[in-house]
Amino acid sequence: MCGIVGYIGVEDGVDMIVEGLRRLEYRGYDSAGIAVLDEGSRIQMVRCVGKISELEKKLALNPVRGKIGIGHTRWATHGAPSDENAHPHRSGPFAVVHNGIIENYGDIKERLSAKGHVFTSETDTEVIVKLLEEEWRARSDYLESVQATLRQLRGSFAVVFLNEQEPDVLVGARRESPLILGIGDGAYYFASDIPAILHQTRRIVLLEDDDLVVVRRDGFQIQTVDGKIRPYVVQTVDWNPVAAEKAGYKHFMQKEIFEQPRAIIDTLRSVVDFNREQLRFADLKISESLVRSIARMYLVACGTSFHACLVGKYMMEQMSRVPVEVDLASEFRYRGPLLNGETLLMVVSQSGETADTRAALKEGLDKGAHCRAIVNVVGSSLARMAQGVLYTHAGPEIGVASTKAFTTQLVALFLFSLYWAHAAGKLQPGEMSYHIQALRELPGKIDEVLAGEEIIREWAKQYMDREHFLFLGRGPLYPIALEGALKMKEISYIHAEGYAAGEMKHGPIALIDDKMPVVVLVQKGALYEKMLSNVQEVKARGGKVLAFVEGDKDMRLGEDVLQFPVPATSPWLSPVVFAVPLQLLAYHMADLRGTDVDQPRNLAKSVTVE
Ligand code: AGP
């Protein structure tokens, strides 16, 4: 997720573009840049690693002026943060800023390189501007060249172009990534999100997929990429800037819970070729021969990422038949793990900076294990230390409580397991298609859960004054019970414990009474009837049951049990779907109790101390 801004007007636009980027920093902040057309219609560009403040410092030393320009604040997806990978990217008379993921950038890059184009960055974005130059050479009509370029892109994009040959025209387009058009007094603006332009105008047009907008100082036209004029509605925004950053949600955590379908789509897109039903890991560096040489695997992390690893164990062992050990990073190096050249150590981390996890990875490197990382931040410490990396594409996660990072970690671990199983020859005929189809449907399953938010808020209202909760699950939903308890603890400050449901009779059942709400996760399959028995055990002792049931409600649970139907999916992906209602439950409990949801007491987003 990145932030882009465009400007065309009668005044100099540099300050407006920089201020707009600053207001989009929550969308990404590892590098930034700006390009304008100066009075001679020449592109003047300044880029840097770091936040907008770094760009301002660089602009103070190398000032640029222009009445038409584009800007970008980056959240790296392809290529670590660097000046060369920062946007804008330029080629010939063109410059572009881009938010999104171009799935077929590798094919396009290969084709253009064969034609003599020299690429200076590792980004997918650079292929857009190189392709535009190539198309323009063939037809020399700007708009037709842009249309031809966009038609060849697969994936998501929000783009704004500059062209030295057309100094009075600003062109923007979008597909799946957000882009709005702002209408000011004698000026027009493009932006990824409303906060970027609220200080200039409240009159906007929300652009739609495959819209292509041509803006001049005296007006604009919206058409589709294939040239059909599209009617539009100008809206007036009444949000304040803070509300606008949260896109109208009350907290970043709530916004990020609702971003999960998009985050999962972006994570899938970076690996899965749905047409060919193939997986491609650009940076993981795991060959099929390495797969065959590994005798044991370790999954190591902290907190929520550790819970993802617990689910990963089920995926890896059941699909790939490779023994997996899961460890807390804070314990791992002290237990003298048996690591060698036949073991693979995979660390999992949202931030890529957690000190305990970095220490665990160092332990693996020192002992000669094959070391890989699943991280959400491109170029983070763990990404640089590991010998290969698999990125989640959750975008910046502002809320301290991890939500979209967690579900994309689960998806990444599933993709890794599926790749491993295929490389090890463990998949049955047709099994890859089954899994690819389940992945295709996954974002929609999460949308279904999100549509039930109000039901969960009503549950939270009933139980907001309780001080203890139990979360019970079996199989791959046992780690989800642990995660649901952690979410409840860390944002609503309620004491909550997750347990394997079969463990209740070995002690915790002594806790059950009519003051103890018990959340149960009921997955279809071999363990379903056992979970129903666990529910009866709890009810028999007066416990209040909140049941998340895969498929339809089960009336055998009894009228007194609250039931939330969870959309059914494959056994290995059901943890992803079950995680979401528990996030919502914890969120609404916390919101109703008035805690600081996005920045809970005593917590930090990234624990960089041991
Ligand atoms: C998650 O809700 C917590 N904030 C915390 O447990 C977190 O998962 C843990 O600190 C690990 O962070 P990392 O994923 O950035 O390594």
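Nothing fancy with the numbering, it's 1 onward along the sequence. Order of appearance sets the numbers: ligands from 1, and atoms from 1 within every ligand.
The immediate protein surroundings of ligand 1, defined as residues with any heavy atom under 4.0 Å of it, consist of C302, G303, T304, S305, S349, Q350, S351, T354, V400, A401, S402, K487, E490.
Between H435 and F414, the ring centre distance stays below 6.0 Å.
A salt bridge between K404 and E397 is absent, with no side-chain N of the basic residue lying under 4.0 Å from a carboxylate O of the acidic one.
A side-chain donor from one of R474 and N534 sits under 3.5 Å from a side-chain acceptor of the other. Of the N and O atoms on the side chains of E550 and S574, not one donor lies less than 3.5 Å from an acceptor on the other residue.
Partners of K51 according to the salt bridge (charged side-chain N to carboxylate O under 4.0 Å, His left out) rule, which considers only residues two or more places apart in sequence or in another chain, do not exist here.
Judged by the 6.0 Å distance and 45° axis criteria, R440 is not positioned over the aromatic ring of F274.
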